[in-house]
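I have placed the structure first, in the form of structure tokens, so that the comments after it can refer back to it.
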Amino acid sequence: MRSQQILRYLLLAAVLLFLGAFLVFPIITVIGTGCDLQLIRELFRNRIYVEGLWNSFAIAVCTTAIVFIISLGLALIYDRFDFPGKSLCNTALLLPMVLPPFVGALGFQQLLGYHGVINSILVNMGLNPVDFLGGSGKFWSICVIEALHLFPICYLNLVTALGNIDPAMTEAAANLGASPWQRFFRIRLPLMRSGILAGCSITLIWSFTELGTPLMFGFTRTTAVQIFNGLTELESNPIPYALVVIMLVFSALLYLIAKAALKSSPAGSGAKGMVNSGAVMLKSWKKVLPLGAFGAITLISALPHLALICCAFSTRYSGTVFPENFTLENFDLALSNVLVLPSIANSLKYSFLAMMIACITGLLVSLASVRWHLRGSGLADLLAMLPLAVPGVVVAFGFLGMSVKFTWASLLFDPVNNPVWLLSIAYAVRRVPYVVRAVSSGLEQTPEELENAARNFGAGPWRTLWRITMPLITANLIVGGLFAFSFSMLEVSDSLILAQKQEFFPITRALYELAQILGYGIGAASAFGVWAMFFLGLTLCAGALLLGRKIGAVFKF
Amino acid sequence: MAQVSIKNLTKSYDGKVKVLDGVDLEIAQGEVVFMLGTSGCGKSTLLRILAGLIAPDSGTISFDGQNILTLPPEKRHAAMVFQNYALWPNLNVFENVAFGLRMEKYPRKEIEKRVMESLDQVQMGAFAKKSVTQLSGGQQQRVALARALAVNPALLLLDEPLSNLDANLRDSMRREIKRICTERKLTALYVTHDRREALSMADRVGVMHKGKISQIGTPDEIYNHPLDGFTARFLGDVNRLPDGGIRPERLKISDSCGKLRARLVERSFFGDSCEWLFETEKQEKLLVRELAPPERKIGNEYFLDYDPAFLIPVPESADEQ
């Protein structure tokens, strides 16, 4: 028994070493360089950087506000009413996640550009076109497109939190004379606190650090874009290091506040089973109202994707409501472009490696903390979840810093000549949280007695793990792996920062380059985007089929 | 089948609460011993220590004279029927039962033969290919029992296996388990809080209280001659009399003579029996149980009589109730 315990501790040590070397160490490297008081002082003296920070903060707050309003409204409708097609609506809401906002931005420009769909409608109605993307239009476009992408995560958290509230709580309040509004503000809202905090803090952090969307809109005054643009002159201007530190401090603070607040929350983490919330079916024509709300939001969030699809299937789509022709030429162009096929092969390679690394690490972290109860497993769990709070830009930057500063790192990760392991590991560490949450929830739902029974009937600890535990959590591991794989395929920050030579470009980097090409670039990039959308959609559907409503658990701290 | 010897077993959680406090127990080969006690008395802990799922703080356990405490759970041959059955949902009925035999690397033919024998013994042979998730509670219980029987264990451990079944099913399963234990001459330790289960099935019954075995003996011994008030009360109702306690069925009702005089205040009819509640002049309540009783009138006074040979200890404090 002792040897088996030693082996478990060795495995845990290996995981800690991995997370320490490839997550903590890169972060420390960035902090080491960026935590220079003079540099930070210089940063805050420079109006452009301060404006960048302010814009990022404003984007984060506005995006989160939009996300919260949409998610709360829909979650309350979902919880309160039964209506035809309810579960289909719930799945359809995941649609915005099918595409990274970075690619959605392409479709959004098609909708709101000066020669876009909305303006075409206005012109057809005899009105003057509006420059939606001029002035503060870009800012709001970024907020809306990020909100449309991120709200499902917040929504899933809120639905789970609402589902966990015992209906007897509100019934008791009603029984003591509380009005529907009082019941909402005094009982349900406080009990939903954990879900609200989890959903909103993820949204805040992710939108604060988002690189792809502002980059696609050409909105250069945000911290993430300034870091990205500063990469080329890093040796002469180390300010991006200080920017990364500021970004990290902000995200870490938010994460810690959310964690602390979650701990003191009366409803806990919302990991309890679903309780029947007593949803009612509205009578006659009113029963389509909830459906209408879900339909409208789904349609709005799908519009950029629809525009992108139209773009992909047409060579002339400007100044008209619908595309003028229909063609598969863009798909041909996309595939014949020198960037595309190698980037698909690269992404498949990086993402597969990332998935394997994330699955092994995540599985070991979950087993150590949920089943083996090892000392130090809490630290492993904390480290594994850290990437949710640490912006992708920070980790990518850290890897870059490591490969510049340390010989061992430059041998393993040569961003110029051989970034395969660099990108795979960078993708993997940021996807470990999905695997950990998926597998941990599977382990928590599998009674330990089943494993005790296997031991009782003659199976050793490793055989029990292989014959009983693993088959019972396979679905969860697959879901975690699918998420790790598909989010790696469409990863933006690491791909833009770490892939430097064209032959090593992954899909997103190739997409970005394609979109920059004038002429046929947008059409081909859109065709490429459609493929990406189809791919991620397939993954999410498979995940939803395997996990059902529990899919929300994957997006939790 | 093994002869089991447990000596001075102790176990405490967090170094504070003593769940087992010096348990000694001998189980003869082929004997079925029941441990009866309230929840939290340590009976399940005792079972899990025997199975190797929990390590004791001190004490020894030997099977046929061989110390088994150093052995991991998979080497103990102490097959357990878990309270919630713990059937593996990823394996079908046959594979659940075959699991233990596969771990022992039996030949395929032998596994098939023994699995089907065990399933037939619990009348589940027709369900071999079914998924365990399609079975009812009673059927799952039978499969859990078959799984334990198939490995021919040195010691069979049963952890309240009937507690999740309805009353009718419990009665038939009780008879079934007793028949199988007798047929296969199994050495078994069965824990339960159901005294009917213990008294009807056991060769010997031990009563556990605060981590100790307060008394152990044949069902007849411990029911009719309990050593203390707790055991007396735990195994059945006890009427408090001036000279001791007496079971309700030992009191006789008479119209003409008896040691006590009491007024009839309540009648509870159970179909096969009837309970009469009497009140004495000192407002003390006395319960009398009779099979097929005659008509009696509530409010009338009657005489109650008893044989002092049947007096038993009375629970003294509320703690012992």
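Quick note: numbers below take in every heavy atom, side chains included, and nothing from hydrogens, waters or symmetry partners. In the text below, chain A, chain B and the rest are named by the order of the sequence lines, each starting its count at 1.
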Self-check item: Region of B:Ala148 in contact with chain A, defined by heavy-atom distances below 4.5 Å
Solution: both
Practice problem: Below 4.5 Å from any heavy atom of chain B, which atoms of A:Arg463 appear? Answer side chain, backbone, both or neither. | Solution: side chain
Quiz item: By number, which residues in residues 81-106 of chain B have some heavy atom less than 4.5 Å away from chain A?
Solution: B:Phe82, B:Ala86, B:Leu87, B:Trp88, B:Pro89, B:Asn90, B:Leu91, B:Phe99, B:Gly100, B:Arg102, B:Met103, B:Lys105
Self-check item: Top of A:Pro461, A:Ala453, A:Pro471, A:Gly460 for chain B proximity - count of heavy-atom pairs under 4.5 angstrom
Solution: A:Ala453
Self-check item: Contacts of type side chain to side chain donor-acceptor pair (under 3.5 Å), residue A:Asn452, not counting sequence neighbours
Solution: A:Glu449
Self-check item: Contacts of B:Glu26 that satisfy side chain to side chain donor-acceptor pair (under 3.5 Å) - sequence neighbours left out
Solution: B:Gln3, B:Ser5
Exercise. Any salt bridge (Lys or Arg N to Asp or Glu O under 4.0 Å) involving residues 116-129 of chain B? Give me the pairs, sequence neighbours left out, ordered by first then second residue.
Key: B:Lys113-B:Glu117
Quiz item: What distance separates A:Asn456 CG from B:Arg147 CZ, expressed to the nearest 0.5 Å?
Solution: 8.0 Å
Exercise. Enter the distance from A:Phe457:CZ to B:Glu74:CD here, rounded to the nearest 0.5 Å.
Key: 13.5 Å
Quiz item: Should the heavy atoms of other residues, nucleotides or ligands under 6.0 Å from OH of A:Tyr9 be counted, would the total exceed 12?
Solution: yes
Practice problem: Assess whether atom CE of A:Met356 is packed by more than 12 heavy atoms of other residues, nucleotides or ligands within 6.0 Å. | Solution: no
Quiz item: For atom NZ of A:Lys86, is the number of surrounding heavy atoms from other residues, nucleotides or ligands below 6.0 Å larger than 12?
Solution: yes
Quiz item: Considering residues, nucleotides and ligands other than B:Glu110, do more than 12 of their heavy atoms fall under 6.0 Å from its CD?
Solution: yes
